Amino acid sequence: MTAQDHSGSGLSRRKLLGAAGVGALAVGAGGGYAVGQASGEPKAPAGVVDPDAAPIPFEGAHQAGIVTPSQDRLYFATFDMTSDKREDLISLLKDWTAAARQMTQGNDVGDFGAVSGSPYAPPEDTGEALGLPPSGLTLTIGFGRSLFVDDKGRTRFGLEGRLPDRLKNLPSFAGDRLDQAISDGDIAVQACANDPQVAVHAVRNFARIAFGRASVRYSQMGFGRTSSTSTAQVTARNLFGFKDGTANIKVEDAKDVDDFVWVHEDDGPAWLVGGSYLVSRKIDMRIEIWDREPLEGQEAIIGRTKGSGGPRSGGDEFADLDFDAKDETGKPLIDTKSHVRLAHPDANNGAKLLRRGYNFVDGSNGLGQLSAGLFFIAYQRDPEKQFVQIQRSLAGLQNDTLNEYIVHVGSGLFACPPGVGTTGYWGEKLFA
Ligand SMILES: C=CC1=C(C)c2cc3[nH]c(cc4nc(cc5[nH]c(cc1n2)c(C)c5CCC(=O)O)C(CCC(=O)O)=C4C)c(C)c3C=C
Ligand SMILES: [Fe+2]
């Protein structure tokens with residue numbers, strides 16, 4: 001059966017946008033706004049340039065979605081392999097890479113996409129992103145320890161000798177209340193975009209492609225980035241109302257990115273060089289209790305002011321934290337149990353993280369309380385020296401006073417391979 005076009009255009013609407021729309025958008029005032037023109041959708045005023053029309057490159061030395069300036073939305077999912085065949089894992093990674101190349105550039109999945117294939121076969125693309133621009137979509141994957149060894153320590157998928165030493169199970173921390181159903185997984189997929197529909201479309205198509213080889217273990221929507229990863233971005237706020245990400249590693253800090261984010265040759269293993277480790281923590285936030293805390297108390301707990309985000313020791317948002325500064329009674333202006341003091345590199349052998357978390361609200365719990373929190377994501381070169389070190393300083397009611405208002409309910413650690421070139425696939429060096 002020859003592929004037919006059912007869009008009436010000879011190409012899917014998304015492909016039309018990719019082929020003609022972006023060029024037209026780049027014309028700006030002269031060319032006006034092309035989104036929807038081919039499909040007869042409403043036109044935006046002439047001269048409006050859609051910032052989401054230009055895709056983020058998929059190929060590169062590192063995966064996109066790590067130091068990429070944080071997009072507004074997250075859809076995170078982990079998958080478990082349902083096949084134990086090495087060839088299925090390899091073919092899945094190849095198929096996902098091909099689909100990611102297409103979707104991140106604003107195209108449909110497959111040769112015929114959502115509406116141009118045979119009417120007698122399920123479409124290759126699920127279709128809910130038709131007509132939408134790339135929206136800054138990045139897809140980033142990571143491999144969990146369970147992809148390499150089963151719970152009895154037996155090697156999986158012939159990956160003998162490939163398990164990174166640093167891909168250990170995270171230790172349990174004081175106060176953890178982890179639910180296994182929303183923790184771990186063989187493969188993690190982080191989809192970030194400025195349009196949630198585009199992020200969901202990507203993960204949904206991955207799940208569809210994976211059928212018979214892997215299935216979704218859990219997934220989490222996130223809205224509202226809680227970190228900036230570029231100095232060009234304004235600092236967003238978390239659901240406690242505080243600016244979050246002020247002291248984050250930013251892509252412009254080349255030395256910090258190199259020292260704290262990417263795996264180096266002498267860190268090993270060879271297949272992971274240029275990659276990074278992703279830690280995810282689903283953290284419930286007791287919003288209603290926090291909202292009854294006076295402003296002074298909230299600021300003391302964080303160690304920064306709520307308005308400007310500046311340190312309690314004084315200065316604007318980006319002023320250095322002065323841990324020696326005291327009030328007239330001799331009390332430290334930045335409380336000894338405050339979040340920023342305990343998370344700071346000075347308290348953690350110099351450790352830093354590249355944070356990339358998102359707010360979430362999963363509805364309410366039936367008691368009139370929001371089921372809300374922070375889906376914490378952090379990238380790093382060495383999880384033990386970075387996330388584990390910092391979380392050990394923070395965890396427990398005797399440490400970070402923020403712990404009265406938060407509880408960690410989900411967790412994961414994943415080794416994210418380096419980026420791919422024009423012909424490679426995600427993780428290919430793992431199988432070489
Ligand atoms: C183990 C790592 C961290 C967890 C878990 C974590 C949870 C968490 N954080 C906030 C709010 C803020 N965090 C801020 C700073 C900050 N947090 C961490 C690490 C973890 N946070 C670090 C390394 C830092 C930077 C410390 C520094 O060097 O100064 C801030 C201040 C603004 C900022 O610098 O980003 C806020 C606010 C919440 C609400 C939360 C759990 C729900
Ligand atoms: Fe924090």
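Ligands are counted one by one from 1 in listed order, and the atoms in each one are counted from 1 as well. Fair warning: this is a prediction, and the values are worked out from it, not measured in the lab.
For atom 39 (C) of ligand 1, the closest non-hydrogen atom of the protein is N238 ND2, 3.6 Å. Nearest protein heavy-atom contact of atom 29 (O) of ligand 1 is L321 CD1, 3.3 Å. Nearest protein neighbour of atom 35 (O) of ligand 1, counting heavy atoms only, is G245 N, 2.6 Å. What sits closest to atom 20 (C) of ligand 1 on the protein, heavy atoms only, is F376 CE1, 3.7 Å. Closest protein heavy atom to atom 30 (C) of ligand 1: D244 OD1, 4.0 Å. In terms of protein heavy atoms, atom 7 (C) of ligand 1 is closest to H339 CE1, 3.9 Å. Scanning the protein heavy atoms around atom 37 (C) of ligand 1, the nearest turns out to be K243 O, 3.3 Å. Taking atom 34 (O) of ligand 1 as the reference point, the nearest protein heavy-atom neighbour is A247 N, 2.9 Å.
Within ligand 1, the atoms closer than 4.0 Å to a non-hydrogen atom of M285 are 42 (C), numbered from 1 in the order shown. Taking a cut-off of under 4.0 Å to the non-hydrogen atoms of F242, the atoms of ligand 1 that pass are 37 (C). Near I302, meaning under 4.0 Å from one of its heavy atoms, ligand 1 places the atoms 37 (C). Taking every heavy atom of H408 and a limit of under 4.0 angstrom, the matching atoms of ligand 1 come to 5 (C). Listed by number with element, the atoms of ligand 1 under 4.0 Å from a non-hydrogen atom of V340 are 31 (C). Heavy-atom contacts of P345 reach the following atoms of ligand 1: 28 (O) (cutoff under 4.0 Å). Interface of F387 with ligand 1, defined as ligand atoms under 4.0 Å from a residue heavy atom, comprises 1 (C).
Distance check: R208 CZ to H201 NE2 gives 9.5 Å after rounding to the nearest 0.5 Å. We find the CG-CZ distance between L333 and F323 to be 12.0 Å, quoted to the nearest 0.5 Å. Note that CG of D184 and CG of N169 are 7.0 Å apart. Values are rounded to the nearest 0.5 Å. Taking CG of N248 as the reference point, atom OG1 of T226 lies at 8.5 Å (rounded to 0.5 Å). Separation of atoms NZ (K306) and CZ (R237) is listed at 8.5 Å; rounding is to 0.5 Å. Annotation: the span from K85 atom NZ to S91 atom OG amounts to 10.0 Å, rounded to 0.5 Å.
Nearest to atom 25 (C) of ligand 1 by heavy-atom distance, out of R355, Q391, R281, H344, is R355.
An N or O contact shorter than 3.5 Å is missing between A343 and ligand 1 by distance. The distance criterion of under 3.5 Å between nitrogen or oxygen atoms is not met by L374 with respect to ligand 1.
Tested against K352 for a side-chain contact (heavy atoms from CB on, under 4.5 Å), the candidates D256, D253, D259 yield a single pass: D256. Applying side chain to side chain donor-acceptor pair (under 3.5 Å) to Y379 and the options R356, R355, Q190 leaves one that passes, Q190. None of L278, I249, V279 except one satisfies the side-chain contact (heavy atoms from CB on, under 4.5 Å) rule with Q380; the exception is V279.
Here I406 has side-chain heavy atoms under 4.0 Å from ligand 1, and that is the only part of it that gets that close. Residue contacts with ligand 1 for L402 involve side-chain atoms from C-beta outward but no N, CA, C or O (heavy atoms, distance under 4.0 Å). Contacts between I283 and ligand 1 below 4.0 angstrom, taking non-hydrogen atoms only, involve the side chain exclusively. With a 4.0 Å heavy-atom cut-off, ligand 1 is reached by the side chain of L394 but not by its N, CA, C or O. Neither the backbone nor the side chain of T226 has a heavy atom within less than 4.0 Å of ligand 1. Residue-level proximity to ligand 1 for K352 is absent, since no heavy atom of it falls below 4.0 angstrom.
Aromatic ring pairs are classed by plane angle as parallel below 30°, tilted from 30° to 60° and perpendicular above 60°; the pair F376 and F387 is tilted. Taking the six-membered ring where tryptophan is involved, the planes of W426 and F58 are perpendicular, since the angle between them exceeds 60° and thus also 30°.
A donor-acceptor contact closer than 3.5 angstrom is absent between the side chains of T140 and Q63.
A salt bridge links R312 with E296: at least one charged nitrogen is closer than 4.0 Å to a carboxylate oxygen.
When distances from the Fe ion (ligand 2) to the N, O or S atoms of H339 are compared, NE2 comes out shortest.
More than 12 heavy atoms of other residues, nucleotides or ligands lie within 6.0 Å of CG in D316, so this atom counts as buried by the packing criterion.
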